[in-house]
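Structure, as structure tokens:
Both ligands and their constituent atoms are indexed starting at 1 by order of listing.
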Amino acid sequence: MSTQTSIRLLVIGAGPAGYPAAFHAADLGMSVTLVDLDPHMGGVCLQRGCIPSKALLHVARFIEECREFEQLGVRVGTPTIELTRLRDWKQSVIRRLTDGLASLCAARRIEFIQGRAQFVSPDEVEIQTPHGTRRMPVDHVLIATGSRPASLPGWPTSPRIMDSTAALDLPDIPKRLLVVGGGYIGLELGSIYAALGSRVSVVELTDGLLPGVDRTLVTSLQRRLGRRFEHIRLRTRVAAVMPEADSIRVTLEGPDGTQEETFDRVLVSVGRRPNSQQLGLDRAGIEVDARGFIRVDERRRTSHPRVWAAGDVAGEPMLAHKATYEAKIAVEAIAGRKVAYEPRTIPAVVFTDPEIAWAGLTQSEAERASRPVHIVRFPWSASGRALTLERTEGLTQWILEPESQRVLGVGIVGVNAGDLLAEGALAIELGAVADDVAWTIHAHPTLSETLMEAAELASGHATHYLPSPRT
Ligand code: NAD
């Protein structure tokens, strides 16, 4: 049982930073009020992001597998999509989660208010609710207001131009979909629509999909997406957009020159922006940086001594699990504990098929820093489990400190890479060396063996794979 304290905490935003912070604070005995614009908890991640997209990606994978299983001697036929039932199921997943959060919140005696909170002074917050306005003194406040999709300047407004929220509503299955931005969202949502039957084109400004992610990991995804998508156009920008009566005309400029194409819908997925406006931060003396992120110290304290910030609004990477972790650090700090936000690694997963997952140092970061590393790679073509799944395109790699073989980074591309990643993140946090992983018995036959065999390669050879001398 928690001991009651006299600390009162107001949490603004009930997403993956806000609600875990509120729950943790209540567990530590604080008196907690949680405010959100939405009547339900969970934020973008649960209602308009991670959860609905993963539900739909699960369906997408099944549809793709129906096609692929033919070569295994199993003919399922072409699945028929009942869009209304699919939408209802997706909403039911969200509802079960938001209902669960509501009961966990009530059981902890947290006051949940639907409304808009903003600072009126350094000492007072105003909350506008559907039932009127309420003012609260600032004892401690945690800002966890998240982020929103970035839009492209000068673009017209049209129902045919969607952000991730609109795309996840599945308004229809467009015959031709243009995805602008080949990052996390573009590739995940593009994969969903391609599986549902859309002809998907992706345009990406830089010279590769998922900029910043190791090319070794991206290559096999790009190969597979090349078969699923109609076009992947790199170093390409949208020069003009013109909504028409029953389509949208787009001018693309890229290495092949300028071309005009017509689509039924366009998804804009060019990044996200922090929600730091309309909070009255200037009235409370809370500083933001040039990109709009609230400045925080290592305990997530803002320039106001009793105001804290966590999650997307407090800086990159904009990932739910990072938000939850730092929000709990902030609450611990508010409780007076000696803590700091200094994780050795923040894992990242792109939930495409195959998934790409990485943690710790990447090869490109090592190259940029001219840091010598020893990289060992185990191809899934040598994994019995991958063969039974007919998914041998995967790869598992460790990035090691050359002398000590200490694990600095891990990268995986392949089915369920996101679930396999946890072992790598733990190895980094625990300061493990390759031998620690190589000499841990991994169950057979599982994909986790690829982590063990890749680690064996640190000493030159693995049971099922002999790298060429030049590798
Ligand atoms: P992103 O930063 O991952 O990708 C945006 C892409 O758009 C980049 O590749 C960029 O080069 C490109 N781009 C930018 N301007 C462009 C233009 N004018 N034309 C063409 N391409 C352009 O951003 P996102 O995909 O919108 O996702 C936003 C954030 O949400 C991510 O950074 C991530 O933190 C988070 N997210 C995470 C997950 C996950 O964890 N699986 C899933 C979705 C989103």
Quiz item: Just which atoms of ligand 1 are under 4.0 Å from any heavy atom in Phe351?
Solution: 41 (N)

Quiz item: For ligand 1, which atoms sit closer than 4.0 Å to a heavy atom of Val180?
Solution: 19 (N), 20 (C)

Quiz item: Is the closest heavy-atom distance from Val238 to ligand 1 below 4.0 Å?
Solution: no

Exercise. State the atoms of ligand 1, each with its element, that fall below the 4.0 Å cut-off from a heavy-atom position in Thr206.
Key: 11 (O)

Quiz item: Of the choices Ser147, Gly212, Ser269, which has the non-hydrogen atom that lies closest to atom 5 (C) of ligand 1?
Solution: Ser269

Quiz item: Do any nitrogen or oxygen atoms of Glu188 come within less than 3.5 Å of a nitrogen or oxygen of ligand 1?
Solution: yes

Exercise. List the closest protein heavy-atom neighbour of atom 25 (O) of ligand 1: residue, atom name, distance to the nearest 0.1 Å.
Key: Ile185 N, 2.8 Å

Quiz item: Hey, are Ser381 and Thr392 close enough side-chain-wise for a donor-acceptor pair under 3.5 Å?
Solution: no

Exercise. Using a strict cut-off of less than 4.0 Å between a Lys/Arg side-chain nitrogen and an Asp/Glu carboxylate oxygen, indicate whether Glu316 and Lys322 qualify as a salt bridge.
Key: no

Quiz item: Has ligand 1 got any nitrogen or oxygen that is less than 3.5 angstrom from a nitrogen or oxygen of Leu205?
Solution: yes

Quiz item: If you count the atoms of ligand 1 from 1 in the order shown, which ones are under 4.0 Å from a heavy atom of Leu319?
Solution: 34 (O), 37 (C), 40 (O)

Practice problem: Could you list which atoms of ligand 1 come closer than 4.0 Å to a heavy atom of Val203? | Solution: 20 (C), 21 (N)

Practice problem: Please confirm whether Pro317 comes under 4.0 Å of ligand 1, counting heavy atoms of the residue only. | Solution: no

Quiz item: Backbone N or O of Pro16 within a donor-acceptor pair of the Thr324 side chain at under 3.5 Å?
Solution: yes

Quiz item: salt bridge (charged side-chain N to carboxylate O under 4.0 Å, His left out) between Glu230 and Arg176: does it pass, once the steps are laid out?
Solution: CA-CA 9 Å; Glu230 191 166 31; Arg176 291 197 72 200; 3.3 Å; yes

Practice problem: Taking atom CZ of Arg235 as the centre, report whether more than 12 heavy atoms of other residues, nucleotides or ligands fall under 6.0 Å from it. | Solution: no

Self-check item: Winner among Glu204, Glu316, Lys54, Arg273 once heavy atoms are compared against atom 8 (C) of ligand 1
Solution: Glu204

Quiz item: Quick one: do Glu68 and Arg228 make a salt bridge, cutoff under 4.0 Å?
Solution: yes

Practice problem: Note the single closest protein heavy atom to atom 2 (O) of ligand 1, along with its residue, its atom name and the distance in Å. | Solution: Gly271 CA, 4.2 Å

Quiz item: Would you call Lys54 and Glu188 a salt bridge, taking side-chain N to carboxylate O under 4.0 Å as the test?
Solution: yes

Exercise. Identify the protein heavy atom lying closest to atom 7 (O) of ligand 1, giving its residue, its atom name and the separation to 0.1 Å.
Key: Gly181 CA, 3.3 Å

Practice problem: Distance to 0.1 Å, residue and atom name: give those for the protein heavy atom nearest to atom 41 (N) of ligand 1. | Solution: Val349 O, 2.7 Å

Self-check item: Residue pair Trp380 / Ala386: nearest heavy atoms and the distance that separates them
Solution: O-CB, 3.4 Å

Quiz item: Looking only at protein heavy atoms, which one is nearest to atom 16 (C) of ligand 1, and how far off is it?
Solution: Val270 CG1, 3.5 Å

Quiz item: Taking Tyr341 as the fixed residue, which of Arg300, Lys328, Arg299 is the one that meets the side-chain contact (heavy atoms from CB on, under 4.5 Å) rule?
Solution: Arg300

Exercise. Could you say whether the N/O atoms of Leu152 and ligand 1 ever approach to under 3.5 Å?
Key: no

Exercise. For atom 35 (C) of ligand 1, grab the closest protein heavy atom and report residue, atom and distance to one decimal in Å.
Key: Met318 O, 3.5 Å

Practice problem: Considering heavy atoms of the protein only, find what lies nearest to atom 31 (C) of ligand 1 and give residue, atom and distance to 0.1 Å. | Solution: Tyr184 CD1, 4.0 Å

Quiz item: Do any nitrogen or oxygen atoms of Pro211 come within less than 3.5 Å of a nitrogen or oxygen of ligand 1?
Solution: no

Quiz item: Non-hydrogen atoms of Arg272 versus ligand 1: any pair closer than 4.0 Å?
Solution: yes

Quiz item: Which residue and non-hydrogen atom of the protein lie closest to atom 1 (P) of ligand 1, and at what distance in Å?
Solution: Gly183 CA, 4.1 Å

Self-check item: Under-4.0 Å salt bridge between Glu260 and Arg249
Solution: yes

